[in-house]
Amino acid sequence: SVMNQLLGMHQVEKEISQYFGIKRCIVVAGNSDNQEKVLYEFGDILTDSLDLILPEGENIIAVMGGTTMAMTAEHMGSLETEKRHNLFVPARGGIGEAMTVQANSVSAVMASKTGGHHRALYVPEQLSLETYNSLLQEPSIQEVLTLIEQSNCVVHSIGRALHMAARRKMSDDEMVMLKQNNAVAESFGYFFDEEGEVVYKIPRIGLQLKDVQKIPNVVAIAGGKTKAKAIRAYMKNAPKQTWLITDEAAANEILKGV
Ligand code: F6P
């Protein structure tokens with residue numbers, strides 16, 4: 001019955017949040033590997049979750065990019081109230097994604113769907129260190145970096161390490177190094193092994209992993225059976241305040257290994 005299914009799902013959510021020692025886990029029925037509707041539901045659930053956790057006043061929400069984030073953003077609803085205002089900013093600059101799934105685009109879509117505001121961070125890819133460093137001195141960039149530093153919420157996804165390295169066109173040397181270090185997961189431009197230890201980091205401006213630890217509201221969104229291993233690896237050392245929004249296919253696969 002539907003009731004039993006709901007109770008079953010609830011049990012899975014509890015097991016997962018306990019296993020990772022995180023604040024909450026929400027599981028959507030289905031498999032986002034091949035069902036778009038699951039990604040749409042992530043949008044509803046992210047909206048409801050943020051509605052619950054975001055305090056009144058001015059919130060700054062730092063978001064990452066990727067296809068999960070982009071699809072989730074498209075299906076968000078209003079989060080703005082008379083007493084609560086939200087500003088969306090990209091969490092990190094230029095880590096190598098196609099325009100439509102860049103953090104800048106995701107934050108713009110989230111702002112428009114939720115009725116909030118957004119600020120973009122313009123840092124082109126492939127800059128020389130010299131140009132990069134001088135760009136960082138620009139007041140307009142400094143201003144957005146300051147906002148990112150002040151964020152009280154971060155929403156991000158989790159990807160498979162080698163898949164993400166290939167999508168970002170990382171070098172052969174980097175690929176070999178990731179394989180040698182058994183990298184299985186990627187988030188925020190950091191690569192993690194199965195124990196959730198960082199094995200490599202793409203040096204970029206914006207939020208660093210240690211900053212995320214101190215942010216009071218953290219939401220991770222990732223699903224699909226193919227991502228189970230990556231989700232498990234990253235979540236092992238994820239900040240304890242994390243809410244994980246995932247799907248049934250990933251959740252069942254994660255619990256198989258427990
Ligand atoms: O590149 C941004 C990012 O959020 C990565 O940190 C993450 O691994 C990836 O996107 C997830 O992408 P997708 O949702 O397309 O699997």
Side-chain angles (χ1 to χ4, degrees), residues 13-14 16-28 32 39 42-66 68-73 76 79 84 86-93 95 103 106-107 110-111 114 116 118 121 145 147-159 164 185-192 195-198 201-202 204-223 227 230-247 250-251 254:
E13 291 174 341
K14 243 171 78 183
I16 290 200
S17 56
Q18 276 167 5
Y19 174 56
F20 294 128
I22 55 168
K23 194 123 169 229
R24 252 199 95 167
C25 172
I26 300 168
V27 177
V28 173
S32 55
L39 293 165
F42 284 170
D44 288 328
I45 295 187
L46 177 63
T47 308
D48 292 348
S49 304
L50 291 180
D51 196 32
L52 269 172
I53 64 182
L54 290 176
E56 288 182 349
E58 310 288 328
N59 295 299
I60 302 181
I61 304 158
V63 303
M64 289 295 299
T68 310
M69 290 295 296
M71 293 282 268
T72 300
M76 288 183 78
L79 277 173
R84 183 176 62 201
N86 306 314
L87 175 69
F88 292 83
V89 292
R92 295 194 81 189
I95 55 171
V106 171
S107 68
M110 285 193 174
T114 63
H118 75 99
L121 182 66
L145 284 176
L147 290 170
I148 295 171
E149 264 168 40
Q150 293 166 345
S151 58
N152 64 331
C153 179
V154 52
V155 185
H156 69 95
S157 189
I158 303 158
M164 286 311 299
E186 193 280 351
S187 197
F188 299 105
Y190 289 74
F191 289 85
F192 304 83
E195 294 314 311
E197 301 296 336
V198 175
K201 168 192 171 180
I202 303 176
R204 284 295 181 282
I205 52 172
L207 274 195
Q208 308 297 313
L209 202 56
K210 63 170 180 7
D211 305 323
V212 181
Q213 293 286 345
K214 286 179 244 143
I215 296 181
N217 307 293
V218 180
V219 184
I221 311 175
K227 272 195 185 180
I231 297 171
R232 188 194 304 138
Y234 170 79
M235 289 309 298
K236 277 192 178 164
N237 283 330
K240 298 305 164 208
Q241 67 275 30
T242 303
W243 282 44
L244 171 66
I245 301 176
T246 188
D247 62 22
I254 289 168

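Small disclaimer: the values here were computed from a predicted structure and weren't measured.
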Would the distance check show the side chain of S187 and the main-chain N or O of S157 forming a donor-acceptor pair, the cut-off being under 3.5 Å? yes
Show the nearest heavy-atom pair for residues D211 and G206, with the distance to one decimal. OD2-O, 4.3 Å
For R84 against D51, the heavy-atom pair lying closest together: NH2-OD1, 2.5 Å
Closest heavy-atom contact between I245 and S49? CD1-OG, 4.1 Å
Measuring from W243:CH2 to R24:CZ, what's the distance to the nearest 0.5 Å? 4.5 Å
Which value, rounded to the nearest 0.5 Å, describes the distance between L244 atom CG and I26 atom CD1? 9.0 Å
Closest non-hydrogen atom pair between S107 and H118, with its separation: O-CB, 3.7 Å
Qualifying residue for side chain to side chain contact (heavy atoms under 4.5 Å, CB included) with Y19, from R232, M235, K14: R232
Backbone of I16 reached by a side-chain donor or acceptor of E13 within 3.5 Å: no
Within the structure provided, determine whether E58 and N152 are in side-chain contact (heavy-atom separation under 4.5 Å). no
Backbone N/O of A250 and side chain of K227: donor-acceptor pair under 3.5 Å: no
Looking at S32, is its backbone amide N or carbonyl O close enough to the side chain of D247 to form a donor-acceptor pair, meaning the two atoms are under 3.5 Å apart? yes
Quick one: are N59 and L50 in side-chain contact, heavy atoms under 4.5 Å? no
Reported CE-to-CD1 distance for the pair M164 and I158, which is rounded to 0.5 angstrom: 12.0 Å
Find out whether T242 and F20 are in side-chain contact, i.e. whether some heavy atom of one side chain is under 4.5 Å from a heavy atom of the other. no
Passing candidate, side chain to side chain contact (heavy atoms under 4.5 Å, CB included) with I61, options L79, I215, V155: V155
Within a strict 4.5 Å, meaning less than it, do heavy atoms of the P239 and Q213 side chains meet? yes
How are the rings of H156 and Y234 set relative to one another: parallel (under 30°), tilted (30 to 60°) or perpendicular (over 60°)? perpendicular
So, the side chain of N237 versus the backbone of G196: is there a donor-acceptor pair under 3.5 Å, distance only? yes
Is there side-chain contact between V106 and M64, with heavy atoms separated by less than 4.5 Å? no
Is there side-chain contact between F42 and M71, with at least one heavy-atom pair below 4.5 Å? no
To the nearest 0.5 Å, what is the distance between CG (N217) and CD1 (I53)? 4.5 Å
Got a second to check how far E149's CD is from Q208's CD, nearest 0.5 Å? 10.0 Å
To the nearest 0.5 Å, what is the distance between CD (Q150) and CG (L145)? 11.0 Å
Identify the heavy atoms of A222 and T246 that sit nearest to each other, and give their distance. O-OG1, 2.7 Å
If you take all heavy atoms of M69 and I221, which pair is closest and at what distance? SD-CD1, 4.4 Å
A side-chain contact here means heavy atoms from C-beta on lying under 4.5 Å apart; do L207 and I148 qualify? yes
Do F88 and T114 come within less than 4.5 Å of each other through their side chains, counting heavy atoms only? yes
Please answer whether the main-chain N or O of L209 pairs with a side-chain N or O of Y190 as donor and acceptor at a distance below 3.5 Å. yes
